[in-house]
Amino acid sequence: MGTKGKVIKCKAAIAWEAGKPLCIEEVEVAPPKAHEVRIQIIAVSICRSDTYVINPAFKEGLLPVILGHEGAGIVESVGPGVTNFKPGDKVIPLYVPRCRKCKFCQSPLTNFCTKFSEHKNPLIEQELMDDKTSRFTCKGKSIYHFLGVSAFSQYTVVKDINLAKIDDDANLKRVCLIGCGFSTGYGAAINDAKVTPGSTCAVFGLGGVGLSAIIGCKTAGASRIIAIDINNDKFAKAKALGATDCLNPKELNKPVQDVIVEMTNGGVDFAIDCAGGSEVMKATVDCTTVGWGSCTFVGVNFNDKGLTISPVELILGRTLRGSSFGGWDVDTVPKLVSDYKNGKFNLEELVSHTLPFEKINEALDLLKQGKSIRTILIY
Ligand code: PAD
Ligand code: ZN
């Protein structure tokens, strides 16, 4: 009875070619092998990082691929050796693995794991399972996994070290956002920047990630949160979530960092870049105060040369750090889900649209055009 041990045929969105819409296809999803889990994805949303891989300017993309790394679902079956999960468990697949053996997993200083470091470019990590094969086939072709998650398929197979078990009563149509966007921004503020009560903050880029960083700054007790975006339509949500000031660099007659320095009597305590690109990176550094200014980089602009920095900008006491998935991992994500249920933060403001999964290309367009924050796609 049931599907255990059998190939499942289901719908998935396949990226066959860069620069082309995703194609909704019937895919075959093989049963999970050792230490793998097959999941039915119930809801998924789209993060800016999904769009990079199918951008024709991104030369390293591995195609065809099933993208999606912000999903939540239910365990359908488990492979040999899986002890922590059983069919029916609610789960969030994470692109951040936790092997528990490497020097990073054994350190409290990072959520990084050596299982996430086979390639130089994180966007092509975990493209196959450990036996170097894929569990997805479509029209006789093997399809790459994406970041070990591939949530743009109704069923997906992930390693047990990439899976967080969450509360049975979790609302999957909301907590899918904990799979990337929310956790990334919120954690960048509270885990990585370690925003302090009464501090001043600047957040660049007000997408799902940046707005979540604002939630983090607010939760940490920041007294002033300056929100920066080149799209004025993002400001209403930023204010609703706790931003005290909103700036559009395109509407200023001097660099935004100069305006922030003037507004804050010498610069903010914490700045978080959730947009990416050398210009924003530079503004992130320059808008912080000398002495103790803390700069946290989250945004990625894959086609950009990044930041050039002189020691003078650092020796007066600024610190720079990067942040990946907000410092969370499979062990800490379940607590985030409980915190959401207990009203510690609200995910509602991040959901701008809800669409059936078949409308995934519409959802991608909304994100690219800056018209959405997060679109929840329901299978
Ligand atoms: P998004 O496209 O929804 O939001 C980006 C926002 O930045 C938009 O509102 C833009 O208008 C705004 N923006 C663009 N250029 C500028 C500029 N020059 N100045 C100010 N604002 C600007 O993306 P998102 O929220 O899904 O993701 C944000 C970034 O974070 C993106 O680069 C993504 O790849 C990265 C990311 N990083 C991690 C990580 O772990 N480090 C995880 C997830 C996403
Ligand atoms: Zn993401």
Side-chain angles (χ1 to χ4, degrees), residues 44-53 55 58 67-71 92-96 110-112 116 121-123 125 146-149 151-152 176-188 191-192 202-215 226-238 246-252 255-257 260 271-284 287 296-304 306 321-329 350-353 363-375:
V44 62
S45 60
I46 305 179
C47 167
R48 173 65 62 170
S49 311
D50 290 307
T51 67
Y52 294 156
V53 181
N55 188 321
F58 183 72
L67 298 169
H69 62 285
E70 208 170 83
I92 299 181
L94 302 181
Y95 59 92
V96 174
T110 181
N111 62 345
F112 185 73
F116 193 88
N121 191 325
L123 285 173
E125 278 296 334
F146 179 59
L147 291 174
V149 176
F152 292 168
C176 57
L177 297 175
I178 292 176
C180 182
F182 170 75
S183 311
T184 298
Y186 182 71
N191 293 335
D192 290 329
V203 176
F204 291 82
L206 306 175
V209 175
L211 291 173
S212 302
I214 290 180
I215 299 176
I226 303 171
I228 303 107
D229 202 294
I230 51 174
N231 178 351
N232 288 343
D233 294 345
K234 305 285 175 122
F235 294 155
K237 285 222 165 167
C246 293
L247 297 174
N248 181 339
K250 287 191 169 168
E251 293 176 352
L252 304 172
V256 63
Q257 52 266 51
I260 297 171
I272 306 176
D273 169 11
C274 300
S278 43
E279 229 173 87
V280 178
M281 292 182 82
K282 177 93 176 87
T284 301
C287 81
T296 302
F297 298 93
V298 180
V300 183
N301 191 333
F302 67 89
N303 232 3
D304 185 275
R321 70 165 298 153
S323 172
S324 177
F325 191 50
W328 309 100
D329 59 33
L350 303 179
V351 180
S352 56
H353 302 73
L364 273 165
D365 287 343
L366 287 167
L367 182 72
K368 285 190 218 154
Q369 292 160 8
K371 291 183 180 157
S372 65
I373 302 299
R374 285 298 194 254
T375 300

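In each ligand, atom 1 is the first atom listed, and ligand 1 is the first ligand listed. When reading the values below, keep in mind they use all heavy atoms of this one structure, side chains included, and skip hydrogens, waters and symmetry mates.
Here the closest non-hydrogen pair linking Val44 and Ala151 is CG2-CB, 3.6 Å. Taking all atoms of both residues into account, the shortest heavy-atom contact from Ala363 to Ile46 is CB-CD1, 3.6 Å. Across all non-hydrogen atoms, the minimal contact from Ala188 to Val298 is CB-CG2, 3.7 Å.
Among all non-hydrogen protein atoms, the one lying nearest atom 25 (O) of ligand 1 is Val209 N, 3.0 Å. For atom 40 (O) of ligand 1, the closest non-hydrogen atom on the protein side is Phe325 N, 2.9 Å. In terms of protein heavy-atom proximity, atom 14 (C) of ligand 1 is nearest to Ile230 CD1, 3.8 Å. The nearest heavy-atom contact from the protein to atom 31 (C) of ligand 1 is Tyr52 OH, 3.5 Å. For atom 23 (O) of ligand 1, the nearest non-hydrogen atom of the protein is Arg48 CB, 3.2 Å. If you check which protein heavy atom lies closest to atom 42 (C) of ligand 1, you get Thr184 CG2, 3.4 Å. From the protein, the heavy atom lying nearest to atom 28 (C) of ligand 1 is Cys274 O, 3.2 Å. Of the protein's heavy atoms, Asp229 OD2, 3.5 Å lies nearest to atom 8 (C) of ligand 1.
Atom numbering of ligand 1 starts at 1 in the shown order; those under 4.0 Å from a heavy atom of Ser323 are 39 (C), 40 (O), 41 (N). Less than 4.0 angstrom separates some heavy atom of Tyr95 from each of these atoms of ligand 1: 40 (O), 42 (C). Of all the atoms in ligand 1, the ones that sit under 4.0 Å from a non-hydrogen atom of Gly299 are 29 (C), 30 (O), 32 (O), 35 (C). Which parts of ligand 1 touch Leu206 is read off a 4.0 Å heavy-atom cut-off, strictly below it: atoms 6 (C), 9 (O). Residue-ligand proximity, Gly207 to ligand 1, at heavy-atom distances under 4.0 Å covers atoms 1 (P), 3 (O), 4 (O), 6 (C), 9 (O), 25 (O). Every atom of ligand 1 is numbered from 1 in the order shown, and the set under 4.0 Å from a heavy atom of Val280 is 17 (C), 18 (N), 19 (N). Shown in contact with Lys234 at under 4.0 Å from a heavy atom are these atoms of ligand 1, numbered in order with element: 8 (C), 9 (O). Less than 4.0 angstrom separates some heavy atom of Cys180 from each of these atoms of ligand 1: 42 (C), 43 (C).
Not a single heavy atom of Glu279 lies less than 4.0 angstrom from ligand 1. At a 4.0 Å cut-off, not a single heavy atom of Phe297 sits close enough to ligand 1 to count as contact. Ligand 1 has no atom lying under 4.0 Å from any heavy atom of Gly181. Using a 4.0 Å cutoff on heavy atoms, Ser49 counts as a contact of ligand 1. Contact analysis puts Gly208 in contact with ligand 1, with a non-hydrogen atom separation below 4.0 angstrom. The closest approach between any non-hydrogen atom of Phe204 and ligand 1 is not below 4.0 Å. Residue Lys368 places no heavy atom under 4.0 Å from ligand 1.
Between Phe58 and Tyr52, the ring centre distance reaches or exceeds 6.0 Å.
His69 contributes NE2 and Cys180 contributes SG; the angle these two atoms make at the Zn ion (ligand 2) is 110°, rounded to 10°.
Both the backbone and the side chain of Val298 come within 4.0 Å of ligand 1, counting heavy atoms alone. In Gln369, neither the side chain nor the backbone holds a heavy atom less than 4.0 Å from any atom of ligand 1. With a 4.0 Å cut-off on non-hydrogen atoms, Leu367 touches ligand 1 through its side chain and not its backbone.
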Can you check side-chain contact (heavy atoms from CB on, under 4.5 Å) on Val53 and Phe146, steps first, answer last?
-> CA-CA 9 Å; Val53 181; Phe146 179 59; 3.5 Å; yes
Leu206 and Ile214: side-chain contact (heavy atoms from CB on, under 4.5 Å), yes or no, with the steps?
-> CA-CA 9 Å; Leu206 306 175; Ile214 290 180; 3.7 Å; yes
Between Lys237 and Ile373, does a side-chain contact (heavy atoms from CB on, under 4.5 Å) hold up when you go through it step by step?
-> CA-CA 9 Å; Lys237 285 222 165 167; Ile373 302 299; 4.1 Å; yes
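Atom CZ in Phe204 sits 12.5 Å away from atom CD1 in Ile230 (nearest 0.5 Å). Considering NZ of Lys234 and SG of Cys246, their distance stands at 12.5 Å, rounded to 0.5 Å. Interatomic distance, Asn231 CG to Lys250 NZ, rounded to the nearest 0.5 Å: 9.0 Å.
Checked by atom type and distance alone, the side chain of Ser372 never pairs as donor or acceptor with a backbone atom of Arg374 at under 3.5 Å. Of the possible polar contacts, none joining the Asp50 side chain to the Leu67 backbone as a donor-acceptor pair under 3.5 Å is found.
Taking the six-membered ring where the residue is Trp, Tyr95 and His69 present perpendicular rings, their angle passing 60° and hence far from 30°.
The side-chain heavy atoms of Leu211 and Leu350, taken from C-beta on, include a pair separated by under 4.5 Å.
Of the candidates Cys47, Ser45, Ser49, Cys180 forms a side-chain contact (heavy atoms from CB on, under 4.5 Å) with just one, namely Cys47. Among Asp192, Thr184, Asn191, the single residue meeting the side chain to side chain donor-acceptor pair (under 3.5 Å) criterion with Ser323 is Asp192.
Any N or O atom pair closer than 3.5 Å counts here, and Ser372 shares no such pair with ligand 1.
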